[in-house]
Structure formats: structure tokens, C-alpha cells
Amino acid sequence: MTRVVVVDDQAVVREGLVLLLGLLPGIEVVGSAGDGEAALRLVESERPDVVLMDLRMPHMDGVEATGRIRSAYPDVQVVVLTTYSDDESVFAALRAGARGFLTKDADADDIARAIATVVRGDAQLDPSVQRRLLETMAPARARAVPVARGTDLPDGLTAREGEVLALIADGLSNAEIAGHLHVTEATVKTHINNLFAKARLRDRAQAVMYAYRHGLARPS
């Protein structure tokens, strides 16, 4: 069973999510909270696998709560539930360590999929959130240049790791990257693990931002 905590300051939304999640197989709701401070206390006592986190809340907002949870309990994953995909706090939450982003019109299947994805250690972005992320990084994307051998790369990345990073920024899966580079998927995973460690990245969403910020994504 995946243990889940629900955090939202609107009682109707919070109770609805608790009811919805309780109907999903393999998920156990171990508590709910109405603000970030209560969420921290609940995470400390219950040690859930996943927190579904609202962003705009009194006392302590979702961004600060996400950062504190991820710092103190790195095994606890955070999935943000946001009303507006263009909210700047979405990107602040990403930097704080959130692994998934859903808008509040997500259905039960979307939520279940996001929970399963972050438990596996991957990132799950609502399409509208991902689109907004790419739009935000557009100026960097326009300046981006192909990664070439001999290019000075940040954080000690090798040329091959730079190539893999550029393909991640293009939205390719591990299997697609392997096919593009004519290597095995296991080799791709090794490169990803290495570049994530060097650049101190948590997931592919952060890798996309990193690639654009450093001009390593391929031009569109």
C-alpha cells in the first residue's frame, strides 16, 4: 500500500480528495492537513510515501512545506495540486523538490498515475504545467546551442552526458535516447545517474530547467 497525506486549506477539496483516494486500490490515506505547518507535523508522525500538496495556504504555504519535507524526509515524495498552471509558485515548488504537478481538474486516474510515478522515483508533470515550464525557459531555449565535443560543460559533465541531457530536454524517453545514440538503455540510465549526481538534479523536470539555463538544450 502507498501511504498518502492530503494537504489543502479548503475543507471541501481536502475531504473530496481523501474520499477519492480511499476508493483507489493500493492507496491508503493516513491523514490530511489544512496548512503547511500541520502537514509537517503529520509527515513527522505518519511518514507517508507521498504528500499531495496545495500551494496557497495560510501559516505556511505549499512551497515552504515542500522544501522542509524534502529536506527532513527525502524519501517522502511531493505531488503538487495547483489551481493555476501558470502560478510562479509551481516553479518554486519544483526547485524545493516537488516531483509531480497536477492541476485540480485532474481525475482519479491522473492522480493515481502521478502517485505511482513519483513512488518509482520519476517525475510527473501535468501537460499544462510542462507547457508553461517550456514557455518560461523559452529565452534560454532560443540561445541554446548543440552540445559538441570539446565544449566546456558545467559541473564536470562529459560530452556524452551533455548529449543525454539535451535529449532529455527534448522530451525523449530513455528508450528513445538509447535508439538515438545507438547504445543500450542501461547505458543511458548510467549516464543519467551520473549527470544527475554531478549537477545535483532530482528528476527530469529539473534536468530540463538545468539544460535550458546552461544553454545545453538543442535549438528548436
Side-chain angles (χ1 to χ4, degrees), residues 2 48-51 53 63 65-80 90-102 113-127 129-134 136-138 140-141 143-220:
T2 300
D49 301 299
V50 177
V51 177
M53 181 74 76
V63 172
T66 294
R68 292 194 182 191
I69 289 170
R70 293 290 294 156
S71 176
Y73 311 102
D75 291 335
V76 178
Q77 308 301 335
V78 176
V79 174
V80 166
V90 169
F91 306 107
L94 175 63
R95 290 189 292 270
R99 300 294 295 273
F101 293 88
L102 294 173
R113 189 179 306 112
I115 290 173
T117 298
V118 300
V119 167
R120 290 198 307 268
D122 296 324
Q124 176 75 30
L125 296 180
D126 181 277
V129 174
Q130 184 168 355
R131 186 166 56 252
R132 175 64 176 169
L133 173 63
L134 294 178
T136 300
M137 304 307 296
R141 183 171 186 149
R143 296 191 303 270
V145 295
V147 177
R149 294 191 180 277
T151 302
D152 290 332
L153 299 177
D155 297 314
L157 298 184
T158 66
R160 178 62 86 180
E161 289 162 359
E163 290 177 296
V164 170
L165 179 61
L167 294 171
I168 290 174
D170 267 357
L172 273 64
S173 67
N174 287 2
E176 290 169 334
I177 293 173
H180 184 87
L181 297 178
H182 306 292
V183 298
T184 66
E185 194 168 346
T187 298
V188 171
K189 290 180 180 178
T190 297
H191 289 313
I192 291 174
N193 289 337
N194 289 341
L195 75 88
F196 275 28
K198 290 178 180 179
R200 297 174 296 282
L201 303 172
R202 297 188 183 94
D203 51 50
R204 296 174 93 91
Q206 286 195 340
V208 170
M209 295 183 70
Y210 180 91
Y212 289 143
R213 187 166 62 248
H214 290 282
L216 300 179
R218 301 190 303 174
S220 54

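Atom set for the values below is all heavy atoms of this structure, side chains included, hydrogens, waters and symmetry mates excluded. These numbers were taken from a predicted model, which means no experiment stands behind them.
Within the model, atoms CG of Leu102 and CE of Met53 stand 14.0 Å from one another, a figure rounded to the nearest 0.5 Å. One finds the CD1 atom of Ile115 at 14.5 Å from the CZ atom of Arg99 (value rounded to the nearest 0.5 Å). To the nearest 0.5 angstrom, His191 atom NE2 is 11.0 Å from Leu167 atom CG. The distance from the OG1 atom of Thr66 to the CZ atom of Arg95 is 12.5 Å, given to the nearest 0.5 Å. Between the OG1 atom of Thr187 and the CZ atom of Arg160 there is a distance of 9.0 Å, given to the nearest 0.5 Å. Within the model, atoms CG of Asp155 and NE2 of His214 stand 6.0 Å from one another, a figure rounded to the nearest 0.5 Å.
For the pair Pro48 and Val76, the tightest heavy-atom approach, listed with the atom from each and the gap, is O-CG2, 3.3 Å. Closest heavy-atom contact between Leu216 and Ala166: O-CB, 3.4 Å. Heavy atoms only, all atoms of each residue included: Ile177 and Val164 are closest at CD1-O, 4.2 Å.
Residues passing the side chain to side chain contact (heavy atoms under 4.5 Å, CB included) test with Ala186 are Thr184, sequence neighbours excluded. In this structure Asn174 satisfies the side chain to side chain contact (heavy atoms under 4.5 Å, CB included) test together with Glu185, Val188, Lys189, Ile192, Arg204, sequence neighbours excluded. With sequence neighbours left out, Ala207 forms a side chain to side chain contact (heavy atoms under 4.5 Å, CB included) with Leu165, Ile168, Phe196, Leu201.
Side chain of Ser71 to main chain of Gly67: no donor-acceptor pair is present (N/O by atom type, distance under 3.5 Å, no hydrogens or angles). Side chain of Lys198 to main chain of Leu157: no donor-acceptor pair is present (N/O by atom type, distance under 3.5 Å, no hydrogens or angles). Between the side chain of Arg70 and the main chain of Gly97, a donor-acceptor pair closer than 3.5 Å is present.
A side-chain contact (heavy atoms from CB on, under 4.5 Å) with Val118 is found for one member of Val50, Val78, Val51, Asp49 and no other, namely Val50.
Side-chain contact between Tyr210 and Pro154 is present, with heavy atoms from C-beta onward closer than 4.5 Å.
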